[in-house]
Amino acid sequence: AHVAIIDPFLSISAPPGLTAATGMDALTHAVETYVSRESQPLTDPLAMDAICLIGKYLRRAVANGDDLEARRGMAHAAYMAGLAFSNGWISAETG
């Protein structure tokens, strides 16, 4: 992608179940990358920061969808988890 728009206002109307599921998906990406044998020095801090932010904000975002601080924290965490995940694997062609 050339551009990513990360706007926590877009997630405010998401129901609690969807918020929980997408938050757990981001957590899974971060943990998967962190424990991978093919993680990179760049990906470990991204994954750990994402895990910490998700631990801090996911319950709040699920409990109160209007909590903009929690939505912002989760948006940031999902972004970092995605960066870690997309850079944490060596492909067969390049590895």
Side-chain angles (χ1 to χ4, degrees):
H2 295 284
V3 175
I5 298 173
I6 304 166
D7 185 352
F9 285 105
L10 297 174
S11 66
I12 287 176
S13 63
L18 180 62
T19 300
T22 57
M24 291 305 295
D25 187 50
L27 179 62
T28 300
H29 287 314
V31 171
E32 259 185 310
T33 304
Y34 187 75
V35 301
S36 168
R37 291 183 185 161
E38 297 180 10
S39 67
Q40 307 297 315
L42 168 74
T43 62
D44 285 346
L46 288 169
M48 282 305 297
D49 285 348
I51 291 166
C52 289
L53 285 172
I54 293 166
K56 181 176 182 177
Y57 291 116
L58 181 56
R59 285 184 215 100
R60 281 176 51 186
V62 171
N64 178 7
D66 292 326
D67 183 341
L68 192 55
E69 180 184 358
R71 293 291 186 172
R72 188 176 293 117
M74 285 304 300
H76 189 79
Y79 172 68
M80 288 193 305
L83 280 176
F85 188 77
S86 63
N87 289 288
W89 312 98
I90 299 173
S91 71
E93 294 85 36
T94 61

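As the structure is a computational prediction, the values presented were derived from the model and not from experiment. If you read the sequence from its start, that first residue is 1, and numbering goes on from there.
- One hydrophobic cluster holds both Ile51 and Leu42 under the rule that ILVMFWY side chains link at heavy-atom gaps under 4.5 Å.
- Listed by chain and number, the residues in a ring-ring contact (aromatic ring centres under 6.0 Å, His included) with His76 amount to none (sequence neighbours excluded).
- Not counting sequence neighbours, the partners of Asp49 by the side-chain contact (heavy atoms from CB on, under 4.5 Å) test are Met80.
- Using a 4.5 Å heavy-atom cutoff, the side chains of Phe9 and Arg71 are not in contact.
- Residues that satisfy the side chain to side chain donor-acceptor pair (under 3.5 Å) test with Asp44, not counting sequence neighbours, are Ser39.
- Between the side chain of Thr33 and the backbone N or O of His29 there is at least one donor-acceptor pair closer than 3.5 Å.
- Taking each heavy atom of Leu68 and Pro8 in turn, the nearest pair found is CD1-CB, 4.1 Å.
- In terms of hydrophobic clustering, with Ile, Leu, Val, Met, Phe, Trp and Tyr side chains grouped at heavy-atom distances under 4.5 Å, Leu46 and Ile6 are assigned to a common cluster.
- By the 4.5 Å heavy-atom criterion applied to side chains, Ser11 and Thr19 are not counted as neighbours.
- Here the closest heavy-atom approach between residue Glu38 and residue Gln40 is recorded as O-NE2, 2.7 Å.
- For CZ of Phe85, the number of neighbouring non-hydrogen atoms (other residues, nucleotides, ligands) closer than 6.0 Å is greater than 12.
- From Asp7, atom CG reaches atom CZ of Arg72 across 9.5 Å, with rounding to the nearest 0.5 Å.
- Side-chain contact between Leu27 and Met24: present, with at least one pair of heavy atoms (C-beta onward) separated by less than 4.5 Å.
- Annotation for Ala50 and Ala30: closest pair CB-CB, 4.0 Å, computed over non-hydrogen atoms.
- Cluster annotation: Tyr57 is not connected to Ile12 through the hydrophobic network of ILVMFWY side chains, with a link wherever side-chain heavy atoms come within less than 4.5 Å.
- The two residues Ala77 and Ile54 come nearest to each other via the heavy atoms CB-CG1, 3.6 Å.
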